[in-house]
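Just so we're clear, the structure is a prediction, and the values are computed from it rather than from any experiment.
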Amino acid sequence: VNETNGAVLVSIHQNYFSDSQYSGAQVFYAKTEGSEQLAKKLQEQFVKTVNPGSRRQAKKSSGVYLMEHIQRPGILVECGFLSNAAEESRLRDQEYQKKLGAVIATSVSQYLSNT
C-alpha cells in the first residue's frame, strides 16, 4: 500500500471480547492524513444504517502494527462482535454482509471523491 500512489487501506475484521454484552461496528484510523476523516465518515454511516442508536465513535488505532506502519490513509473496520450471539448471527447473514459492504464501499467512494 505504501508503494501505490492514491492508495487507501481498508482492513476488515470481526471483533471479540470476553464480555458478550458489547456490540456494534467500530472504525479505527491510522495516524496518516485523511485516515481520521474517512473513519469518522464510515462510523457515522454505520450508526445511520446498520447500528442505529450506537454510541460507538471512530478511534485512533493504538498498537496495531499495520496502522502504525502505513504511509497512506488507512482504517481498520471491526464489523461487529462475534462474542455477542445476536450480532454473530447477523454477521453470518448474507444480506447483512452485503449491507456492511455497501456502507463501507459508499463511504470510501465518497472519501475518494472529496480528496
Side-chain angles (χ1 to χ4, degrees):
V1 73
N2 288 336
E3 297 174 6
T4 305
N5 289 332
V8 173
L9 174 70
V10 179
S11 185
I12 300 174
H13 302 261
Q14 309 309 318
N15 215 336
Y16 188 90
F17 193 70
S18 58
D19 188 338
S20 64
Q21 73 174 338
Y22 296 102
S23 65
Q26 187 163 21
V27 186
F28 296 86
Y29 55 90
K31 60 185 174 185
T32 51
E33 183 178 341
S35 298
E36 183 176 5
Q37 176 189 357
L38 173 57
K40 285 182 176 181
K41 175 67 175 170
L42 178 52
Q43 188 71 56
E44 176 185 307
Q45 292 306 309
F46 275 147
V47 172
K48 285 183 180 179
T49 60
V50 295
N51 297 133
S54 173
R55 294 181 294 159
R56 293 202 172 276
Q57 296 181 3
K59 288 185 175 180
K60 186 173 185 178
S61 177
S62 176
V64 177
Y65 182 89
L66 185 63
M67 293 288 107
E68 292 181 2
H69 290 87
I70 62 171
Q71 299 164 0
R72 305 282 183 236
I75 58 173
L76 189 150
V77 183
E78 295 283 3
C79 292
F81 283 79
L82 295 174
S83 49
N84 178 300
E87 191 156 74
E88 178 188 8
S89 179
R90 283 192 302 274
L91 289 165
R92 290 179 182 275
D93 180 74
Q94 285 187 340
E95 290 305 311
Y96 188 74
Q97 292 171 8
K98 287 178 187 177
K99 195 172 190 177
L100 289 169
V103 172
I104 294 168
T106 300
S107 296
V108 171
S109 178
Q110 289 173 351
Y111 167 79
L112 291 171
S113 294
N114 293 326
T115 57

Does Q14 reach the side chain of L91, with side-chain heavy atoms less than 4.5 Å apart? yes

When rounded to the nearest 0.5 angstrom, what is the spacing between CG in N15 and SG in C79? 10.0 Å

Side chain to side chain contact (heavy atoms under 4.5 Å, CB included) between S11 and I75, intermediate numbers included: CA-CA 6 Å; S11 185; I75 58 173; over 6 Å; no

Counting only N and O atoms by type, is there a donor-acceptor contact under 3.5 Å from the side chain of Q26 to the main-chain atoms of Q57? yes

Is M67 close to L9 at the side-chain level, that is, under 4.5 Å between some pair of heavy atoms? yes

Does a side-chain heavy-atom distance below 4.5 Å link N51 with E87? yes

Take L38 and Y29 through the test side chain to side chain contact (heavy atoms under 4.5 Å, CB included) and record every step on the way to the result. CA-CA 8 Å; L38 173 57; Y29 55 90; over 6 Å; no

Taking CD in Q110 as the centre, count heavy atoms belonging to other residues, nucleotides or ligands within less than 6.0 Å. Is the count above 12? yes

Flag the pair S61 / L76 as yes when at least one side-chain heavy-atom distance between them is below 4.5 Å, and no otherwise. no

Carboxylate-amine/guanidinium proximity below 4.0 Å for K40 and E44: no

Return yes when atom CD of Q97 has more than 12 non-hydrogen atoms of other residues, nucleotides or ligands closer than 6.0 Å, and no otherwise. yes

Between CD of E3 and CD of Q71, what distance do you get to the nearest 0.5 Å? 9.5 Å

Sub-3.5 Å donor-acceptor pair from the side chain of K99 to the main-chain atoms of T49, do we have one? yes

Rounded to the nearest 0.5 Å, what separates atom OG in S107 from atom NZ in K41? 6.0 Å

Which value, rounded to the nearest 0.5 Å, describes the distance between I70 atom CD1 and K31 atom NZ? 9.5 Å

When you check the side-chain N and O atoms of T32 and S35, is any donor under 3.5 Å from an acceptor? yes

In terms of hydrophobic clusters joined by side-chain contacts under 4.5 Å, are V108 and L42 together? yes

May I have the step-by-step check of side chain to side chain contact (heavy atoms under 4.5 Å, CB included) for N5 and R72, ending in yes or no? CA-CA 8 Å; N5 289 332; R72 305 282 183 236; 3.4 Å; yes

All N/O donor-acceptor pairs, side-chain side in residues 17-25, below 3.5 Å, sequence neighbours left out:
residue : atom : partner : partner atom : Å
D19     : OD1  : Q21     : N            : 3.1
D19     : OD2  : Q21     : NE2          : 3.2

With no hydrogens and no angle check, is any side-chain donor or acceptor of S113 less than 3.5 Å from a backbone partner on S109? yes

Is the shortest heavy-atom distance from the side chain of V77 to the side chain of F46 under 4.5 Å? yes

Where do V10 and I104 land on the side chain to side chain contact (heavy atoms under 4.5 Å, CB included) test, with the steps shown first? CA-CA 9 Å; V10 179; I104 294 168; 4.0 Å; yes

Flag side-chain contact, heavy atom, 4.5 Å: V50 against Y96: yes

Is there side-chain contact between S62 and F28, with heavy atoms separated by less than 4.5 Å? no

Closest heavy-atom pair, P73 versus G34, reported as atoms and distance to 0.1 Å, is CB-C, 4.3 Å

Does Y16 offer a backbone N or O that forms a donor-acceptor pair with the side chain of N84 under 3.5 Å? no

Connected via hydrophobic side-chain network under 4.5 Å: L66 and I12: no

Are any of the side-chain nitrogens in R92 or E88 under 4.0 Å away from the carboxylate oxygens of its partner? yes

